[in-house]
Novice: 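First the structure, which I've put down as structure tokens, then a few questions once you've had a look.
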Amino acid sequence: LRGHFSWEKYLKETGSQPAPPHCFRQSCSPPSNDYKIGMKLEAQDPRNTTSTCIASVVGLTGARLRLRLDGSDNKNDFWRLVDSSEIQPIGTCEKNGGMLQPPLGFRLNASSWPMFLLKTLNGAEMAPAKVFHKEPPSPAQNNFEIGMKLEAVDRKNPHFICPATIGEVRGSEILVTFDGWRGAFDYWCRYDSRDIFPVGWCSLTGDNLQPPGTKVAIPKSPAPAAGIASGILRGPKTLLPGVPGRRRRKPGRKKGQLPKALAHQ
Ligand code: MLY
């Protein structure tokens, strides 16, 4: 397969080591994804985390769900692992004495929420308790080290999971850097973030691992000699050998827009 990414080759080429699985807040054998498109569940509103809302499964990818809050638009989908503590069976909120809330940006008048809720739940297929999995415990401490490789959610494009490297470690925080993207997508997070996975995670879950980008990191000072820099900085054609290429956006496709083939996944 052209453009197929192999960790085995890539680790050899880059002379790097994967972060050991015990570093992550992920189960060592990924949970099965037994959800179906259309199932409804309760989810924390990502934009208003004190609210519990009704969400529908609009997509399945590996051990993750693509969720859309009922009463919201289709521009605010979010992804959750099937063993996320931020999702639960319908009825849980009420059982705990809580009230289901309209999502932030509810498209109707707030006064129509009770009726909307009634209608959205009427005849709905509710995700059964058995498809929810317990969230794994957090490792006791931050065991990451600079240079270790991992797979990480691109938080600007959260449907993507990509090869990444630990760039810095500070207390319980780590800098996740995306290979081949010159820092544009890097972020800091806690070592026990649910957005980071051990090398091989996507191949176990059947999720889609993106290939690394093709942009070379801008070297930090001191700047390299001009001759070297002019060669290295020219771009993809002069990249280090063996770094897999990545196709550009098709003309006509806007930045941040999914290719047609992915848009409905
Ligand atoms: N806007 C870019 C997507 C970049 C994704 C980068 N991630 C994978 C680190 C594009 O449309 O190509």
Side-chain angles (χ1 to χ4, degrees), residues 1-7 9-11 13-14 16 18-19 24 26 46 58-67 74-81 144 146-168 173-191 193-220 232-240 242-265:
L1 216 88
R2 209 164 70 95
H4 171 76
F5 173 71
S6 150
W7 269 117
K9 269 200 205 162
Y10 187 67
L11 291 172
E13 282 166 5
T14 55
S16 49
F24 297 86
Q26 303 294 350
V58 296
L60 306 168
T61 172
R64 300 188 299 160
L65 309 170
R66 178 177 179 156
L67 298 175
N74 57 6
K75 302 271 143 44
N76 291 287
D77 290 353
F78 55 102
W79 282 257
R80 288 291 175 268
L81 286 160
F144 287 105
I146 291 181
M148 288 174 167
K149 296 289 185 193
L150 65 156
E151 300 180 4
V153 170
D154 169 359
R155 288 185 170 175
K156 291 187 180 166
N157 308 275
H159 49 289
F160 286 142
I161 299 183
C162 315
T165 308
I166 301 294
E168 272 186 67
E173 301 271 316
I174 54 171
L175 177 64
V176 175
T177 69
F178 287 87
D179 290 28
W181 290 98
R182 280 193 191 135
F185 300 91
D186 298 359
Y187 56 82
W188 284 90
C189 66
R190 283 184 50 88
Y191 71 91
S193 165
R194 300 305 319 278
D195 285 343
I196 54 172
F197 310 94
V199 163
W201 176 266
C202 283
S203 97
L204 287 174
T205 60
D207 213 330
N208 196 6
L209 181 68
Q210 296 299 120
T214 55
K215 298 174 193 301
V216 154
I218 307 281
K220 290 203 183 122
I232 290 180
L233 294 177
R234 200 171 296 127
K237 287 270 140 56
T238 53
L239 276 183
L240 308 170
V243 178
R246 189 173 182 287
R247 271 177 292 145
R248 292 183 63 83
R249 267 196 317 278
K250 259 199 182 156
R253 200 175 115 230
K254 290 207 198 73
K255 191 173 170 174
Q257 204 175 46
L258 287 175
K260 276 213 189 74
L262 289 171
H264 300 290
Q265 273 185 20

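Note that the structure is predicted; figures quoted are calculated from it, not measured. Numbering of ligands and ligand atoms starts at 1, following listing order.
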Novice: Please name the residue in the list Leu204, Leu209, Ile161 that meets the side-chain contact (heavy atoms from CB on, under 4.5 Å) test with Phe197.
Specialist: Ile161

Novice: Considering Ala184, Gly213, Cys162 one by one, which has a heavy atom nearer to atom 8 (C) of ligand 1 than any of the others?
Specialist: Cys162

Novice: Which ligand 1 atoms, with their elements, are less than 4.0 angstrom from a heavy-atom of Asp154?
Specialist: 5 (C), 6 (C), 7 (N), 8 (C), 9 (C)

Novice: Apply side-chain contact (heavy atoms from CB on, under 4.5 Å) to Thr205 and list each qualifying residue two or more places apart in sequence or on a separate chain.
Specialist: Pro30, Ala63, Trp201, Asp207

Novice: With sequence neighbours excluded, tell me which residues meet side chain to side chain donor-acceptor pair (under 3.5 Å) with Thr14.
Specialist: Ser16

Novice: Do Thr177 and Asp186 have a side chain donor and acceptor closer than 3.5 Å?
Specialist: no

Novice: Can you list the ligand 1 atoms lying under 4.0 Å from a non-hydrogen atom of Asn157?
Specialist: 5 (C)

